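Note sheet for the following structure.
Per chain, numbering begins at 1; letters A, B, ... match sequence-line order. Bear in mind the structure is a predicted one, so any value in this text is a computation, not a measurement.
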Amino acid sequence: MLDLARLRDDPEGVRKALARKGAQHAKALEPLLEADTRRRGALGRLEALRHEKRTISESFAKADPAAKEAARAKSKSLDEEIKHLEEAVRGIDEEIETQALILPNTPHAQVPDGTDAAGNVEVRQWGKKPAFAFAPKAHWDLGEALGILDNARGVKIAGSGFPLYTGWGARLERALLNFMLDLHVKEQAYIEVFPPFLANRDTMRTTGQVPKFEEDMYRLEKDGLYLIPTAEAPLTSIHRDEILDEASLPKRYTAYSACFRRESGAAGKDTRGIQRVHQFNKTELMTYAHPDKSYEELERLTNDAEEVLKRLGLHYRVVRLCAGDMGFSAAMTYDLEVWAPGVGRYLEVSSCSNFEDFQARRGAIRFKDGGKGKPRLVHTLNGSGTATPRLFIALTETHQQADGSILIPEPLRPYLGTDRITP
RNA sequence: GGAGGGGUGGCAGAGCGGUCUAAUGCGCCGGUCUUGAAAACCGGUGGAGCCGCAAGGCUCCCGGGGGUUCGAAUCCCUCCCCCUCCGCCA
């Protein structure tokens, strides 16, 4: 959520910034500002009435009987006005919240203009596209030939988009996750947590999935819970409604989680194999940062995610997303795109973002600056470190051999227990 | 799922209809004393919102919501959470 005070102080600046994310957002500003003005007017009157009522009851005990009767009557009549105004303020508050919660974050000044992926800017590359003396297969063919991926039976169990990894495929999945977590925990000093995979509405509102993207999630109507689309949600709510010690920042967390996404509207779009699925595994990196240092942290976090790809010998590129291609809550985002030679495309395996205080405001995540004064909002950041389906794709497609086997990169061997997956 | 107990300031814990601007202790911060530290003593120490250039003022918050009352941390209803016991169970 954006700071309402900022909207009041600099409506033009906010309007322009929002327009960079999409012209429609800028229009939402006017009614919001109008409601804010109405709210403050009503609130001022309400508080004056409450003050009057309070004063009456405070002097009640020592008033004489006649004055008591008058006080009772006056207080009663104030009640009606107060109740009326309270309802009005509550109504306006809801109005404001409804509108404010669907406004996206504003992009950082250094985020390039653009309306879609075409506007993204490549920042760097690592490695290069592998050369093959044969035609590299796509992972769906490799998966079938090696018996590590069984899409047909996944469909039988749950439906399309719910991959069934089998044999070495299942072990590869597990090995990748352990490899990544160990890297994040032992070498990069993130605190490992194992979060719930279901989360409530407050949790989802904090990170920005609710209310605007409710339809993108699987929901358990009866329990008021959502299947998490990313561990970002539970990780960011660890410290929701808390005031942290300044000295404890940055707080860096990592977690494995299964992730669930409806991906409705994406049917048929890059869905072959396991490029886009409803359930997948991912390790997540998440930081609660001091607001003055969050952009340094974004670089660090991005590098930490990249390290996974480097160690697995996978060619990738880092792109800075343009304003129009960024997610709802982000102020700046780097995407990591790994090269998949079988499908012949770069695939997004990680999205590393600084949300600045956007999520922190929604979740009231603060810290005491210098130990005194008003608490300040922290900045939150996160990035996948990384998501397995596309990592699985890149790994199998990149390291496939002429004989149809997959050569396992050195760092992963102790986790997988073999140096090669063969048919 | 059933029965009982309980949710108060960073923590412990009192309060059970007006004096609560929530006792007291601990913690923390500042000061006095001291070569320094400790101890002792003195003072301070939550959050949100609104008004104000500021100083400051006002409103709300004792798990959430609603009610009774001139007045609620205190009484009533309801929901959530925690603990104990029982049931079920990976």
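- Ring planes of A/His290 and A/Phe367: tilted class, angle from 30 to 60°.
- Of the side-chain N and O atoms in A/Arg40, one or more sit less than 4.0 angstrom from OP1 or OP2 of B/rC51.
- Between the P atoms of B/rC81 and B/rA14, the separation comes to 25 Å (whole Å).
- Contact annotation: the side chain of A/Arg366 never approaches that of A/Arg376 to less than 4.5 Å [non-hydrogen atoms, C-beta and beyond].
- The C1' atoms of B/rG25 and B/rG15 are separated by 16 Å, rounded to the nearest whole Å.
- Residue A/Arg54 has a polar side-chain atom (N or O) positioned under 4.0 Å from OP1 or OP2 of B/rU21.
- The separation of B/rC28 from B/rU35, taken at their P atoms, amounts to 25 Å, rounded to a whole angstrom.
- With both ends at atom C1', the span from B/rU21 to B/rG57 equals 14 Å, rounded to whole Å.
- Side chain of A/Leu43, nearest nucleotide from B/rC51, B/rG49, B/rC58: B/rG49.
- Comparing the same atom, P, in B/rG67 and in B/rC61 gives a spacing of 13 Å after rounding to whole Å.
- The distance between the ring centers of A/Tyr295 and A/His108 falls below 6.0 angstrom.
- A tilted orientation is assigned to the rings of A/Phe162 and A/His278, their planes being inclined by 30° to 60°.
- The P atoms of B/rG13 and B/rC26 are separated by 16 Å, rounded to the nearest whole Å.
- The ring of A/Phe260 has its center no closer than 6.0 angstrom to the ring center of A/Phe280.
- Proximity of A/Lys374 to the phosphate of B/rA48: a side-chain N or O atom is located under 4.0 Å from OP1 or OP2.
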- Message: One character per nucleotide, please: for nucleotides 62-71 of chain B, 5' to 3', B when the base has a protein heavy atom closer than 4.0 Å, S when only the sugar-phosphate does, - otherwise.
- Response: --------BS
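- A/His139 and A/Phe392 have their aromatic ring centers separated by at least 6.0 angstrom.
- When the P atom is used for both B/rA55 and B/rA37, the distance is 33 Å, rounded to whole Å.
- Comparing B/rG66 with B/rA72, their P atoms are spaced 14 Å from each other, to the whole Å.
- Residues A/Tyr190 and A/Met286 share a closest heavy-atom pair of CE2-N, 4.4 Å.
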